[in-house]
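What you are looking at is a predicted structure, and each value in this text was computed from that prediction instead of being measured. First listed ligand is number 1; within each ligand, the first listed atom is number 1. What's counted below: heavy atoms across the whole structure, side chains too, no hydrogens, waters or symmetry copies.
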Amino acid sequence: MKYEPVIGLEVHAQLSTDSKIFCRCGTAFGSPQNSQVCPICLGMPGVLPVLNRKAVEFAIKMGLATNCRIAAYSIFARKNYFYPDLPKGYQISQYEEPLCENGWLEIEQEGGTLKRVGIIRIHLEEDAGKSVHAEGYVSENETLIDVNRCGTPLIEIVSEPDICSPHEAYLYLNRIRQLVRYLGICDGNMEEGSLRCDANISVRPTGEKKFGTKTELKNMNSFRNVEKALEFEINRQIQLLESGGQVVQQTLLWDATNSKVMPMRSKEEAHDYRYFPEPDLAPLRVAEQWREEIRVALPELPMARRNRFVEQFGLPKYDADVLTDEKAIADYFEAVAKSVKDAKLASNWVMGEVLRVLKEQKTGITQFSIKPNALAELLNLIAGSTISGKIAKDVFEEMLAGGKSAKVIVDEKGLLQVSDTSMIAKAVGEVIAANPKEVERYRNGEEKLFGFLVGQVMKATRGKANPKLANEILKKALVS
Ligand code: ADP
Ligand code: ZN
Ligand code: MG
């Protein structure tokens with residue numbers, strides 16, 4: 001019998017608001033332990049939460065970007081459970097009547113086929129604190145509690161069980177990460193825990209309509225780990241079924257070191273949490289006007305922008321994909337392309353030199369020292385045949401090192417491309433005289449030697465000869 005996997009993902013994204021969701025404490029990552037707390041996020045008796053408007057706006061942005069219906073009326077609920085990093089004894093979340101429902105997003109499979117993955121809901125909730133054991137400063141058999149993260153705003157994005165393979169799960173997570181970053185609502189940093197994913201997974205005989213029993217996987221701290229953990233769990237479930245066993249509904253922890261899953265607890269049911277409407281918060285009402293203001297202010301989303309880059313700039317889809325992967329890169333490219341006629345030239349340089357330097361310097365494009373207009377100036381020198389592409393690479397390095405403009409560097413170093421035919425002809429004459437054997441072999445039909453001879457001409461002119469002219473003049477000289 002053949003089996004097929006059924007996967008649904010629950011993604012928690014930490015919203016990058018300055019303050020927490022129900023109090024004024026800050027949310028900066030890496031602050032000293034237990035320094036960002038107040039009676040509200042510690043849940044002291046008698047305090048009252050006040051909802052952060054920005055957090056709601058961010059959640060609505062994500063809802064709109066994933067085609068959800070935004071509820072005009074939604075409510076908060078208490079989810080009660082005991083855990084050392086949850087001093088209140090409950091988490092304020094949304095249960096019935098969440099803020100966003102019934103959406104979808106598209107993932108792109110190899111070959112460009114689009115697949116829709118449904119979004120059941122996106123709701124707002126607060127994060128819990130952290131139990132710290134694995135750090136050097138914690139002794140064995142000891143756990144320390146850091147409550148800084150209590151009350152950090154989260155959205156939870158719950159997908160339909162529409163995902164059919166670990167790779168699709170990976171594509172889905174990348175899309176979510178790209179979207180939250182485009183929207184500027186979450187930095188998408190999985191290592192710092194800004195984006196966390198739980199995976200629900202079951203298998204069923206291929207063609208069967210009914211779902212099998214699912215397990216829930218937790219503790220995967222990278223997209224690659226999600227993919228690996230899902231692969232492992234799919235195989236585990238199939239082997240279990242094939243040997244006559246049954247899948248037990250439970251929560252499993254992924255152990256990345258040993259590449260296997262460990263049972264964590266039997267799956268809790270909703271009633272275990274004793275959900276009830278949060279009595280300290282009024283229902284959340286989202287006016288149509290506000291919702292529409294947020295919709296109008298949404299940035300152009302990645303797929304739309306990708307398609308526009310292909311149409312407007314005539315770029316290959318590959319280029320457009322790379323350039324629109326991150327909003328800031330796409331903004332940078334557009335700013336360059338605005339002043340350079342040859343969009344493909346601009347694309348080659350941004351994808352090539354610029355992204356290479358960012359990787360080397362481990363920085364983002366917003367910190368990049370060569371601003372779009374400075375790069376455009378350099379590219380226009382190439383487009384106008386003032387300098388060759390090869391010299392331009394040197395000028396680019398010089399711009400990086402010294403912050404001077406391309407024109408200034410070209411002037412100072414005398415790098416202007418030589419389009420003076422007599423000068424190039426002189427160099428050609430010298431090269432022919434100096435390489436009689438190669439010239440003869442070329443004349444006897446070894447055409448690939450032409451490249452060598454052009455190279456010598458370029459060398460003789462220290463790279464400054466206009467390559468097109470050098471080619472022409474050399475070719476003429478060789479036939480005569
Ligand atoms: P629970 O009540 O166990 O939390 P939900 O119905 O709320 O389950 O769904 C939680 C997540 O599990 C969703 O992402 C959903 O797509 C997924 N899911 C539901 N049933 C299955 C299944 N049989 N196999 C895989 N994923 C599933
Ligand atoms: Zn607080
Ligand atoms: Mg559920």
Side-chain angles (χ1 to χ4, degrees), residues 3-12 17-28 31 34-44 47-52 55 66 77 79 87-88 92-96 98 101-105 116-123 125-129 146-153 156-166 168-169 172-173 176 196-205 208-218 226 229-230 233-234 237-238 241 246-252 265-273 275:
Y3 289 89
E4 63 180 16
V6 173
I7 301 165
L9 297 180
E10 297 170 282
V11 177
H12 287 91
T17 52
D18 292 335
S19 56
K20 293 187 179 180
I21 185 168
F22 300 121
C23 66
R24 298 167 75 161
C25 292
T27 55
S31 309
N34 300 311
S35 63
Q36 297 190 318
V37 288
C38 74
I40 295 172
C41 52
L42 285 174
M44 298 290 173
V47 297
L48 288 173
V50 176
L51 182 58
N52 180 337
T66 52
K79 180 179 182 180
K88 285 211 296 232
I92 303 181
S93 180
Q94 294 192 298
Y95 181 56
E96 284 162 338
E101 277 184 298
N102 286 325
W104 50 268
L105 59 71
R116 255 187 205 193
V117 177
I119 308 272
I120 299 176
R121 54 189 278 155
I122 301 176
H123 64 250
E125 61 185 27
E126 60 179 337
D127 210 344
D146 179 5
V147 289
N148 276 353
R149 211 176 60 183
C150 286
T152 297
E156 179 175 336
I157 306 156
V158 184
S159 88
E160 294 280 0
D162 289 344
I163 297 165
C164 304
S165 70
E168 277 185 22
Y172 172 87
L173 288 171
I176 294 264
R196 303 194 287 270
C197 170
D198 300 335
N200 297 273
I201 167 90
S202 63
V203 299
R204 61 183 171 188
E208 166 73 57
K209 287 268 174 306
K210 241 178 66 199
F211 288 150
T213 305
K214 71 173 154 75
T215 57
E216 186 171 353
L217 284 174
K218 287 181 179 291
V226 173
L230 282 170
E233 178 58 9
I234 290 165
Q237 290 190 10
I238 291 175
L241 294 177
Q246 275 190 333
V247 175
V248 179
Q249 175 156 336
Q250 61 183 335
T251 303
L252 303 166
R265 55 173 185 246
S266 65
K267 170 77 181 163
E268 67 290 333
E269 303 283 342
H271 62 244
D272 295 328
Y273 289 121
Y275 279 103

Keeping Ser159 on the side-chain end and Leu9 on the backbone end, is there a donor-acceptor pair under 3.5 Å? yes

For the side chain of Arg204 and the backbone of Phe211, is there at least one donor-acceptor N/O pair under 3.5 Å apart? no

Going by the atom numbers of ligand 1, which of them fall below 4.0 Å from some non-hydrogen atom of Phe211? 23 (N)

Any chance you could measure Leu42, atom CG, to Cys25, atom SG, to the nearest 0.5 Å? 8.0 Å

I'd like to check which ligand 1 atoms, numbered from 1 as shown, lie under 4.0 Å from a non-hydrogen atom of Val158. 13 (C), 14 (O)

Contacting atoms of ligand 1, where contact means under 4.0 angstrom from a heavy atom of Gly212: 23 (N)

Tell me the nearest of Ser159, Ala199, Pro5 to atom 13 (C) of ligand 1, using heavy-atom distances. Ser159

Can you list everything that forms a side-chain contact (heavy atoms from CB on, under 4.5 Å) with Gln36? Sequence neighbours excluded, please. Ala28, Ser31, Asn148

Checking the side chain of Thr27 only, and the main-chain atoms of Thr17 only, is there a donor and an acceptor separated by less than 3.5 Å? yes

Hey, looking at atom 3 (O) of ligand 1, which of Glu216, Lys210, Lys214 has the closest heavy atom? Lys214

Look up atom CD1 in Ile21 and atom CD1 in Ile92, then write down how far apart they are to the nearest 0.5 Å. 8.0 Å

Atoms (protein N, O or S; no water) under 2.8 Å from the Zn ion (ligand 2): 4

Glu160 heavy atoms within 4.0 Å reach ligand 1 at atoms 16 (O)

Is there a polar contact, in the sense of an N or O pair closer than 3.5 Å, between Pro161 and ligand 1? yes

Which atoms of ligand 1 have any heavy atom of Leu9 under 4.0 Å away? 14 (O)

Partners meeting side-chain contact (heavy atoms from CB on, under 4.5 Å) with Val50 (sequence neighbours left out): none

By salt bridge (charged side-chain N to carboxylate O under 4.0 Å, His left out) - contacts of Lys88 (at least two apart): Glu126

Rounded to the nearest 0.5 Å, what separates atom CZ in Arg121 from atom CD in Glu156? 7.5 Å

Checking the N or O distance criterion of under 3.5 Å, is ligand 1 in contact with Gln249? no

Count the heavy atoms of every other residue, nucleotide or ligand shown that sit under 6.0 Å from CG of Asp18, and state whether that count exceeds 12. no

Inter-residue atom distance Thr215.OG1 - Asn200.CG, 0.5 Å rounding: 8.0 Å

Please identify which atoms of ligand 1 are closer than 4.0 Å to at least one heavy atom of Val6. 24 (N), 25 (C)

